[in-house]
There are 2 protein chains.
Amino acid sequence: MMLSDAMEDYLKAIYRLQSETGTPVSTSAIAEEVEKTAPTVTSMVQNLAERGLVEREKYKGVELTPEGETVALEVVRHHRLLEAYLTEQLDYSWVDVHEEADTLEHHISEEFEQRVAEMLGDPDVDPHGDPIPGADLRPLDGDETTPLSDHDAGDRVVVSRVRDRDEAELAYLDDAGIRPGTVVDVVNVAPFGMVTVRIDGDEQSLPEAVARTIRVRPARADRTPTEGVSDA
Amino acid sequence: MMLSDAMEDYLKAIYRLQSETGTPVSTSAIAEEVEKTAPTVTSMVQNLAERGLVEREKYKGVELTPEGETVALEVVRHHRLLEAYLTEQLDYSWVDVHEEADTLEHHISEEFEQRVAEMLGDPDVDPHGDPIPGADLRPLDGDETTPLSDHDAGDRVVVSRVRDRDEAELAYLDDAGIRPGTVVDVVNVAPFGMVTVRIDGDEQSLPEAVARTIRVRPARADRTPTEGVSDA
DNA sequence: GTCGTGGATTAGACGTGTCTAATGAATAAG
DNA sequence: CTTATTCATTAGACACGTCTAATCCACGAC
Ligand SMILES: [Mn+2]
Ligand SMILES: [Mn+2]
Ligand SMILES: [Mn+2]
Ligand SMILES: [Mn+2]
């Protein structure tokens with residue numbers, strides 16, 4: 001099936017929204033995600049439904065079919081492999097890679113995908129900590145991470161993934177030394193505004209808007225997998 | 001100026017045809033090069049003329065303006081850098097790179113171009129021996145090479161460039177051990193058909209259709225630049 | 001239950017790149 | 001010169017992705 005860039009972007013958007021909420025996705029949510037108007041989305045969604053890539057209930061919402069999900073996973077795989085490749089092989093900063101990958105994801109061949117994956121040793125996360133779908137395009141596991149802003153003073157957590165779309169935000173995080181793998185101690189959570197954390201001994205405060213986009217997992221005490229859930 | 005992939009491809013086509021013949025380019029020649037119908041070409045050429053990228057004389061032909069040539073050179077630079085990059089860094093065969101580059105050339109950023117060029121050490125030819133325009137996009141020098149088929153028995157020549165668009169042909173050349181830099185002794189030129197050559201001691205015959213697409217330069221006796229024209 | 005309102009869809013339009021069919025221009029052959 | 005042939009252009013159509021304006025539907029407030 002020959003799909004346009006636009007169609008791929010809509011499928012990716014629906015995929016993302018669907019994974020976030022678990023429920024059918026609204027026209028307006030898609031419109032916001034792809035930065036198009038609602039009627040534009042309606043007509044594209046009709047098109048995708050005719051091709052069997054989404055299931056649609058009028059006035060209700062839209063869901064990916066298994067085929068649609070596979071396409072979305074392919075695009076996401078391209079995107080995240082490219083991000084990894086650009087940072088590791090071409091010396092891009094993780095701040096800039098998203099935009100470049102967002103275009104290239106639609107234009108690389110299967111061969112390119114394979115060679116890049118091989119060159120990188122089949123990585124399973126991209127530079128922002130987002131999981132890279134495998135070549136088989138099986139659905140990804142559910143996300144176990146929690147927003148940093150949901151944690152309490154005293155918690156010790158490890159940064160798992162950060163949002164990759166906002167360059168200013170990434171630059172901020174980069175500067176703060178926050179990236180996947182960073183160990184963070186939550187020092188204080190003020191009711192409304194700042195989250196104060198300690199990183200590498202330094203204390204600093206993060207606006208809640210930022211803390212909400214940093215996804216973390218519990219730091220198991222000093223890397224000893226004592227009470228780990230299945231990790232194999 | 002925001003140009004579509006299609007416009008870039010037409011400009012590249014006009015550029016190629018113009019460098020080959022030196023004269024204004026006909027609608028039908030462009031049509032053949034881009035694999036579109038003549039009316040399609042006419043309308044695109046009108047569009048390009050309105051944008052000041054080509055100079056057009058109705059029923060006569062079309063020529064690039066300096067701005068149009070600059071765009072063409074940019075696309076050609078992308079194409080050839082990508083080909084070099086794919087072969088050198090991603091282990092592509094020179095047989096396959098053309099197609100991949102033909103798409104990607106329209107979708108890489110200036111940053112990508114720069115990083116690739118840097119990574120490769122600013123190469124000046126691509127894997128097929130075609131010159132890569134510099135970052136300044138100055139027009140390329142004229143081509144000094146001659147078709148192998150124009151040579152006579154007894155000539156010793158060095159392969160300079162081969163045609164990159166025909167994968168079957170490239171596979172053939174690859175197999176024959178013919179690539180840029182290969183030293184070739186012309187053993188015999190039959191009036192119509194074969195050109196017999198010696199490469200690395202082995203004699204083999206090439207169909208004239210192939211010999212015509214292999215561009216060579218004289219092998220200066222054993223790499224001693226005695227009677228060289230200006231080479232600095 | 002009715003109704004108002006917000007979100008979704010339909011209607012209708014436009015720009016782009018492409019096509020086929022019809023027409024027009026340049027030129028080579030007589 | 002006139003004409004036949006070839007090549008280019010114009011005319012008109014279509015698919016696609018997008019928009020704005022008009023209409024429609026669902027659902028929460030009453
Ligand atoms: Mn995209
Ligand atoms: Mn990412
Ligand atoms: Mn191209
Ligand atoms: Mn080439």
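In what follows, every chain begins at residue 1, and chains take the letters A, B, ... in the order their sequences are listed.
- A salt bridge links Arg161(B) with Asp143(B); the closest basic N to acidic carboxylate O contact falls under 4.0 Å.
- A salt bridge does not link Arg115(A) with Glu110(A): every distance from a Lys NZ or Arg NE/NH1/NH2 to an Asp or Glu carboxylate oxygen is 4.0 Å or more.
- Note: CG (Leu3(B)) to P (dT16(C)) measures 12 Å, nearest angstrom.
- Between the P atom of dT16(C) and the CE atom of Met44(B) lies a distance of 10 Å, rounded to the nearest Å.
- In this structure, CD of Glu35(B) is placed 14 Å from C1' of dT18(C), rounded to the nearest angstrom.
- Between the side chains of Glu100(A) and Tyr92(A), at least one donor N or O sits under 3.5 Å from an acceptor N or O.
- Of the residues Glu83(A), Glu33(A), Glu99(A), Glu35(A), the one that meets the salt bridge (charged side-chain N to carboxylate O under 4.0 Å, His left out) test with Arg165(A) is Glu33(A).
- Between the side chains of Asp130(A) and His79(A), not a single donor N or O lies within less than 3.5 Å of an accepting N or O.
- In this structure, NZ of Lys58(A) is placed 14 Å from C1' of dG7(C), rounded to the nearest angstrom.
- The phosphate of dT16(C) (OP1 or OP2) has no side-chain N or O of Tyr10(B) nearer than 4.0 angstrom.
- A nucleotide of DNA chain D counts as in contact with chain A when one of its atoms lies under 4.0 Å from a heavy atom; the first and last such, 5' to 3', are dG17(D) to dC27(D).
- Atom pair Met2(A):CE and dT18(C):P shows a separation of 14 Å (rounding to whole Å applied).
- Each of Val41(A) and Lys60(A) lies near DNA chain D, and the nucleotide nearest Val41(A) is the one positioned closer to the 5' end.
- Between Asn47(B) atom CG and dT16(C) atom C1' the separation is 9 Å, expressed in whole Å.
- Rounded to whole Å, the distance from CE on Met1(B) to P on dT16(C) is 14 Å.
- Annotation: of the two residues near DNA chain D, Tyr59(A) and Ala38(A), the 5′-most nearest-nucleotide partner is Ala38(A).
- For the residue pair His78(B) and Glu105(B), no side-chain donor N or O sits within less than 3.5 Å of a side-chain acceptor on the partner.
- For the residue pair Thr65(A) and Glu67(A), a side-chain donor N or O sits within less than 3.5 Å of a side-chain acceptor on the partner.
- At distances below 3.5 Å, at least one donor-acceptor pair connects side-chain atoms of Arg80(B) with backbone N or O atoms of Pro131(B).
- The shortest distance between the side-chain N/O atoms of Thr42(A) and the OP1/OP2 oxygens of dT9(C) is below 4.0 Å.
- Nucleotide dG7(C) holds its C1' atom 13 Å from the CZ atom of Arg56(A), rounded to whole Å.
- Counting non-hydrogen atoms under 4.0 angstrom, Ser4(B) reaches the backbone sugars and phosphates but no base.
- Between Glu8(B) and Lys12(B) there is no salt bridge, since no side-chain nitrogen of the basic residue lies less than 4.0 Å from a carboxylate oxygen of the acidic one.
- Near DNA chain D, defined here as any heavy-atom distance below 4.0 Å, the residues from residues 13-30 of chain B are Ser26(B), Thr27(B), Ser28(B), listed numerically.
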